[in-house]
Amino acid sequence: MPKAVRKNIYSHLGQLPNTELERSAFIYSAKNSTRDALNALGYYRADISSQITYLNKQDKSAPQKLALTINIGKATIVDKVHIIINGEAFNDSAFQALLTQRSIKQGDTLNHSVYSTLKSDILSLALRRGYFDGKFIEHKITIKDDHQYADITLLYESGPRYKFGHVNFNDFDLEPALLKSLVPFKPEQYYSAKAFHQLQQQLQASQYFGNILALPGEKIIVPEKHQFLVPINVTVTPAKSHLFDFGLGYATDTLFRVSAGWRTPKLNKYGHFQETRFKYSSVNATGKFIYSIPISHPTNDLLQFKVMVEDDEYADLDTKFHSIQIGRLSNKNNWQRELYTRLHEEAWQYNLDENTPNLRWSEVDKVSYVIPGITWSSTTRAGSPLDPSEGFRQTYNIEGAHLNAGSDNSFFRVHGKWNYITTLAPKHRLVTRAELGAVFIDRDAQLAPSLRFYAGGDQSIRGFAYQSIASTIPASSDPNDNEEIVVGSTRLFVASIEYQYYLTEKWRVAMFSDGGSANNKGEFEPVYSIGSGLHYMSPVGPIKIDVAYGIDGEDKNWRLHFSLGAEL
């Protein structure tokens, strides 16, 4: 007996009885339940017999043993399949694709579940495509020739395909043009559930609203004009005026850190909003203020003003900078693009062997730039956002400055990053990443540390300290002192490959190899690492503990890395 048949019989029989009354009912219905299970899978000619054995012949109320002897016989075969779609859906490519891929074909074993699923698929597709008046005129299975064959008939009348009517919002303090921009379809565009859900998603993504309720309204039918419309009624309430969040974290790169954010989702009826965020750790402290003005869309087309302040440790130097930026941020076809110009001022000091004063704004090791630039990025993923089964992220940045355009010196900088994830087989996952960068600058010109390249750390080359890999200069003017300090480079190449195996849904192990270098032009001294890790899938993303063995020429060392967050 096929496994699927046996499983279906057990499913129809249900749980074993516990009481005498339940036992009587179970025995009485066992043969009929078994026959129903067999019929559902096309075995109409089965021979079923039953035998009851009392485990205690003196006590008729004692547990009994029911034995079913089943000869399933030959299955009923599908002979003719008539599936007809009438109405406007007849020329709909989605219905044509469904019928082309239909799961019932001549010569198949009759399966009522497959038949029911096909019916359900037709009805579901009709609703998703706007055929709200559609119905089955005929749907039947005809058993013939002494149960040897079956004919299947499905006749579906779709009726007209409805279009979107107007989207009606309740009173809300937002410019009508801005509300209209959040509607991803036009009036009298053919209805689709996908477009309807996009409306809900865009309203939610704007963060202007607290609660959102979008419902189809009463249908508008004017047969003589062949007008079949479904208006959409949207009820929204304001979001909270102020949103705050606080966070704690730890990584071997930045050590313990705290963060705080303040967001105002809607400042006025024109949809302006602001976000202020602070992050602090002993290695890196940052502050950022962003003021956004919608141009043609609240999330896909924005004019942004940014103010950024950062105090950072880059390997063997300390730096602080502030920048003021204006840019236009746009989203289209899953690509985010930002065109910007920023004023960037930065000052730094090297951790040399002599005593140095506290970092201060001075004429020494200080630069000022006017930097125009452009950034593109795109992310696609499948599965969980925190632990995607497939995904690809790519980011590109081009920027520069010129001495004759208000900057202290000229440079041209390009930078690209790629992250790729794929699931090779159940429980087997591959994660790769790469990073390339180059700065073109006159050898004698000063370049701010935040614009240079560094490698090493949790998100770069594991096995090496955070931003410890780059070009160096002597730490002292003493010719007998061989100490050097890391100051950053004009070229960057980093690559990583990691294999992950899931022990359970929450735990996985990893093996990886990282490599690359950060050097100046004409210099290439790559370093490598190999290692393994243990990852726990927490509600806020994977918690990763990795141990890496770094190889830098003759120097080799072990290093522990701890980080939290998804790869994309």
Side chain to side chain contact (heavy atoms under 4.5 Å, CB included) between Q200 and V234, worked out: CA-CA 9 Å; Q200 296 172 305; V234 181; over 6 Å; no
Verdict with supporting geometry, F196 and F164, ring pair (Phe, Tyr, Trp, His ring centres under 6.0 Å): CA-CA 9 Å; F196 179 71; F164 283 110; 7.4 Å; no
R508 and Y502: CA distance, side-chain angles, deciding distance, side chain to side chain donor-acceptor pair (under 3.5 Å) verdict: CA-CA 4 Å; R508 72 184 180 211; Y502 287 80; 3.1 Å; yes
Ring pair (Phe, Tyr, Trp, His ring centres under 6.0 Å) between F209 and F169, worked out: CA-CA 12 Å; F209 314 110; F169 288 90; 7.3 Å; no
Evaluation steps, side chain to side chain donor-acceptor pair (under 3.5 Å), between K544 and H561: CA-CA 8 Å; K544 306 175 185 177; H561 295 270; over 6 Å; no
Residue pair Q204, S206: steps toward the side chain to side chain donor-acceptor pair (under 3.5 Å) verdict: CA-CA 5 Å; Q204 190 69 45; S206 73; over 6 Å; no
Test side chain to side chain contact (heavy atoms under 4.5 Å, CB included) applied to Q394 and T379, step by step: CA-CA 7 Å; Q394 49 189 324; T379 302; over 6 Å; no
Test side chain to side chain contact (heavy atoms under 4.5 Å, CB included) applied to Y131 and E88, step by step: CA-CA 9 Å; Y131 299 97; E88 289 188 24; 4.0 Å; yes
From CA spacing to verdict: side chain to side chain donor-acceptor pair (under 3.5 Å), W507, H535: CA-CA 6 Å; W507 290 93; H535 304 169; over 6 Å; no
I290 vs M308, side chain to side chain contact (heavy atoms under 4.5 Å, CB included): CA-CA, chis, key distance, verdict: CA-CA 9 Å; I290 303 175; M308 292 168 283; over 6 Å; no
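Scanning for side chain to side chain contact (heavy atoms under 4.5 Å, CB included) contacts around A434 gives W418, with sequence neighbours left out. F305 is linked by a ring-ring contact (aromatic ring centres under 6.0 Å, His included) to nothing, counting only residues two or more places apart in sequence or in another chain. Applying the side chain to side chain contact (heavy atoms under 4.5 Å, CB included) rule to H428 yields the partners L424, A425, Y499, Y501; only residues at least two apart in sequence or on another chain are considered.
More than 12 heavy atoms of other shown residues, nucleotides or ligands fall within 6.0 angstrom of atom CH2 in W335. Remark: F136 CZ is packed, more than 12 non-hydrogen atoms of other residues, nucleotides or ligands lying under 6.0 Å away. Within 6.0 Å of the CZ atom in F412, the count of heavy atoms belonging to other residues, nucleotides or ligands exceeds 12. K506 NZ: more than 12 foreign heavy atoms inside a 6.0 Å radius. Environment of NZ in K417: sparse, with no more than 12 heavy atoms of neighbouring residues, nucleotides or ligands closer than 6.0 Å. Atom OH of Y270 has 12 or fewer heavy atoms from other residues, nucleotides or ligands within 6.0 Å. Dense packing is recorded around NE2 of H82, with more than 12 heavy atoms of other residues, nucleotides or ligands lying under 6.0 Å away. Counting non-hydrogen atoms of neighbouring residues, nucleotides and ligands closer than 6.0 angstrom, the NZ atom of K219 exceeds 12 such neighbours.
D546 has a carboxylate O that lies under 4.0 Å from a charged side-chain N of R462, or vice versa, which qualifies the two as a salt bridge. Under 4.0 Å is where a charged nitrogen must lie from a carboxylate oxygen, and between D245 and R263 no such pair does.
Between F132 and Y191, the ring planes lie perpendicular to each other; the angle is over 60°, past the 30° to 60° tilted range. Using cut-offs of 30° and 60° for the angle between ring planes, the H112 and Y115 rings count as perpendicular. Ring geometry for H226 versus F228: interplanar angle over 60°, hence perpendicular rather than tilted (30 to 60°).
Using a 4.5 Å heavy-atom threshold, the side chains of L451 and V439 count as separate. Here the side chains of E188 and H166 are not in contact, with every heavy-atom distance at 4.5 Å or above. Under the 4.5 Å side-chain criterion, counting only non-hydrogen atoms from C-beta, E138 is in contact with K140. When side chains are defined from C-beta on, V414 does not count as touching N397, because their heavy atoms never get closer than 4.5 Å. Side-chain contact between S192 and F185 is absent, with no heavy-atom pair separated by less than 4.5 Å. Annotation: side chain of R393 is not in contact with side chain of T380 (no heavy-atom distance under 4.5 Å).
At least one donor-acceptor pair under 3.5 Å links the side chain of S158 to the backbone N or O of N86. T375 places no side-chain N or O within donor-acceptor distance of the main-chain N or O of E338, the cut-off being under 3.5 Å. In this structure a side-chain-to-backbone donor-acceptor pair under 3.5 Å is present from K105 to R102. With hydrogens and angles disregarded, a donor-acceptor distance shorter than 3.5 Å links the side chain of D151 to the backbone of K80. Remark: the backbone N or O of K266 is not paired with any side-chain donor or acceptor of T264 at under 3.5 angstrom.
Residues H415 and E435 bring a donor and an acceptor atom of their side chains to less than 3.5 Å of each other. Side-chain contact, S296 with D301: a donor N or O sits under 3.5 Å from an acceptor N or O. Between the side chains of T319 and D312, no donor-acceptor pair of N or O atoms lies under 3.5 Å. Residues Y369 and E346 have side chains that never bring a donor and an acceptor to within less than 3.5 angstrom of each other. A donor-acceptor contact closer than 3.5 angstrom links the side chains of N284 and E310. A side-chain donor from one of E567 and Q500 sits under 3.5 Å from a side-chain acceptor of the other. Y162 and D133 share a donor-acceptor pair across their side chains, judged by distance under 3.5 Å alone.
Shown here for A401 and V370, the closest heavy-atom pair between the two residues is CB-O, 3.6 Å.
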